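Below is one structure, written out as structure tokens; comments come after it.
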Number of protein chains: 2
Amino acid sequence: MATIYQVSELAGVSLATVSRVMNNNARVSENTRNKVLAAMEQLGYRPNSIAQSLASNRSNSVGILVSELHGPFYGEMLSGIENECRAAGKHVIIAAGHSEEASEKDGIEFLISRSCDALILHVEAVSDDYLIKLASGNMPIVLINRFIPQLADNCISLDNELGGYLATKQLLQQGHTQLAYLAGPMWKSDAKDRYHGHLRAMAEHGLSFNPALLAEGDFQDSSGSACMQQLLAKGLPFSALVCANDEMAAGAMEVARAHGLNVPQDLSIVGFDNLILARYIYPKLTTIDYPIGEMGRMAARWVLKNIYQQQALQLKNVFEPVLVCRDSASAIAAG
Amino acid sequence: MATIYQVSELAGVSLATVSRVMNNNARVSENTRNKVLAAMEQLGYRPNSIAQSLASNRSNSVGILVSELHGPFYGEMLSGIENECRAAGKHVIIAAGHSEEASEKDGIEFLISRSCDALILHVEAVSDDYLIKLASGNMPIVLINRFIPQLADNCISLDNELGGYLATKQLLQQGHTQLAYLAGPMWKSDAKDRYHGHLRAMAEHGLSFNPALLAEGDFQDSSGSACMQQLLAKGLPFSALVCANDEMAAGAMEVARAHGLNVPQDLSIVGFDNLILARYIYPKLTTIDYPIGEMGRMAARWVLKNIYQQQALQLKNVFEPVLVCRDSASAIAAG
DNA sequence: TAGTATGATGTAAGCGCTTTCATTTATAGC
DNA sequence: GCTATAAATGAAAGCGCTTACATCATACTA
């Protein structure tokens, strides 16, 4: 691999000049520039970005920590971030935190030690305090899918409460009055917020919430099935089920079908997230769209604007979810 | 951020000694080691991996190029690789190639310039020659989901032909004799191989293949729908449809349902890949399992063994797909 | 007791770049 | 034609590490 020395020698100029044409920030005469470019071309030279990073203390790469690398949700998010960064000539370094405190911290440390210029974090297990402290250091961070008041500017989040409200309201407007709620793990703020939205919609319609019709899952489809079993076992009537995410909705739907319930005739179901699978399951899932790809892009833009000085970019911190009507929820049958 | 200098100063030893305890490769007295560790602890020191890479010409990170960051397939693969690498203390740097030659080359260049110790590549657009040339350089590469005879050792691939054969054979054994085939883009070797497997099974059962019942899609669900439309429009009878992947199968199934066809009573469908969605769609999809997560792990192990000297690891280059029977294919109704 | 391994530590030269500062060269003004 | 100024270039000092080599104790050996 050719180094800058060989280029400078071949071009008959100094190191510094070669560096200048690479970064084209200082002025170099047209003539010299061409000589250097020709030399680079001839040698097949490509700068060693490790050395660049070390010398400039800037790596042109942004670190991303997600909970998992697989699954429809993170894929969408990563893709959004990568696209935006790539277009701006920045690169991404990705680590997984596995929703576990030690692992998340470890991932953050790794990204910092890689000299990332900024971090985009989707963390769940780590505390607010830790993040606040982290943010007070030199490493710029942006949090995705999490809202911390003290770090409001650095947060790209979804109004989960509104989403929960919209999902429930849809069913109420369709005439349902007996609703069950399949919650996510309540220690996660998004699960809690969605649930609160549900309660608000219920209250607004003058309905009291029956705790016996609440089940708490873990956002996986298997827990959706398990919770649905529990709910049905109680023998309490309900004509609609609000699920805190699509995967649990899919699990629940399967169990409902196994129990001879027709969706949506016998039971209306709404999900949350609008994952790809929402379009694939049958009947197609009515759900709340979570624009995670767009939010990833926005996080990337935050970095481009605040770290890489692309002033022109417009930023938006809080996204509003919208209802996507498909086939899994319908007006309650008269009588 | 503390540097090695400050650690050495605080511990009262030289740079070299600190470096030694970090890499614990040379012998350092117990006493000195403890002093150094204490100093590191006290300063909250973490080595700058950029500097380490530059100095050692080894980055402890492996570069991964995938076509896309989103989608169930790549997520599974990335996850497999990351898990295995993380467990070995290696890190991953990820880039997307978008199935486009320029972009794939660009991604490879990027990964090389980041001083990765090895590359795991899932590339589609780049030529065999390019890869052969690349492999002859200093950067070790392993190819995933691609087989190039000259690089056989570096390839982790699936026997796609066998998969196509198994999918078709299942239907033939269920008594179907009129099969349509929904192919992937034929310029991709996996699409072609699956198709060849189909032909082999047909021939083996003494059936001739009717070109009118062949449609070529692009592996996306929308093309599955479009191709299904075309196939139905021809008015030719067929009782079973073999799809080159699950997503197209899902698209095709939807169209079939819209045309009043019951799956599997009126039409049996089998897919390929065994994506998560295969379990979610209704009826659940009979398909060929593509152990992509396991293959990702294997690619990681290849690197651990060949580059990081973990000799003990067992390697396997070619994976065999297996049939997963679910509900979308059934024996043909008598008469 | 000198002679020699051997283990522990230090010294210093890079790794391939960026960047400040100094120097040289061109351009313009008079 | 000579200075004032700007533009182009070069020299050299790092960035934070690793590592070959040198040095210094210490422990054996004969």
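Remember, predicted model here, so these are calculated numbers, not experimental data. Every chain is numbered from 1, with letters handed out A, B, ... down the list of sequences.
- Judged as a ring pair (Phe, Tyr, Trp, His ring centres under 6.0 Å), and not counting sequence neighbours, A/Phe219 has no contacts.
- Screening residues 76-109 of chain A for ring-ring contact (aromatic ring centres under 6.0 Å, His included) gives A/His91-B/Phe110 as the qualifying pairs, with residues at least two apart or on separate chains.
- Pairs passing the side chain to side chain donor-acceptor pair (under 3.5 Å) check and including a residue from residues 304-317 of chain B, sequence neighbours excluded, read B/Asp117-B/Tyr308.
- In this structure, CG in A/Leu304 is found 6.0 Å from CG in A/Leu313, a value given to the nearest 0.5 Å.
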List, with names and distances, any nitrogen or oxygen atoms from the protein found under 3.5 Å away from nitrogen or oxygen atoms belonging to nucleotides 24-26 of chain D.
none

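- Sorted by first then second residue, the salt bridge (charged side-chain N to carboxylate O under 4.0 Å, His left out) pairs that include residues 61-88 of chain B, not counting sequence neighbours, are A/Asp106-B/Arg86, B/Glu82-B/Arg86, B/Glu84-B/Arg301.
- Remark on the helix from C/dT1-D/dA30 to C/dC30-D/dG1: inter-end axis angle 40°, axes from five-pair C1' superpositions, rounded to 10°.
- Two rings, from B/Phe73 and B/Tyr290, have their centers less than 6.0 Å apart.
- Legend: ring-ring contact (aromatic ring centres under 6.0 Å, His included) pairs involving residues 27-59 of chain A, not counting sequence neighbours: none detected.
- Contacts classified as side chain to side chain donor-acceptor pair (under 3.5 Å) and involving residues 126-136 of chain B (residues at least two apart or in different chains) are given here: B/Asp128-B/Arg146.
- Remark: the backbone N or O of A/Ser14 is not paired with any side-chain donor or acceptor of A/Ser8 at under 3.5 angstrom.
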In 5'-to-3' order, the base (B), backbone-only (S) or no-contact (-) status of each nucleotide in nucleotides 13-19 of chain C, using a 4.0 angstrom heavy-atom cut-off, is -BBBBBB
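- The stretch residues 27-36 of chain A comes close to DNA chain D through A/Arg27, A/Val28, A/Ser29, A/Thr32, each having a heavy atom under 4.0 Å from the strand.
- Among residues at least two apart or in separate chains, salt bridge (charged side-chain N to carboxylate O under 4.0 Å, His left out) pairs with a member in residues 46-67 of chain B are A/Glu109-B/Arg46.
- The minimum heavy-atom distance between B/Val303 and B/Val142, with the atom names listed, is CG2-CG1, 3.7 Å.
- For B/Glu104, there are no salt bridge (Lys or Arg N to Asp or Glu O under 4.0 Å) partners two or more places apart in sequence or in a different chain.
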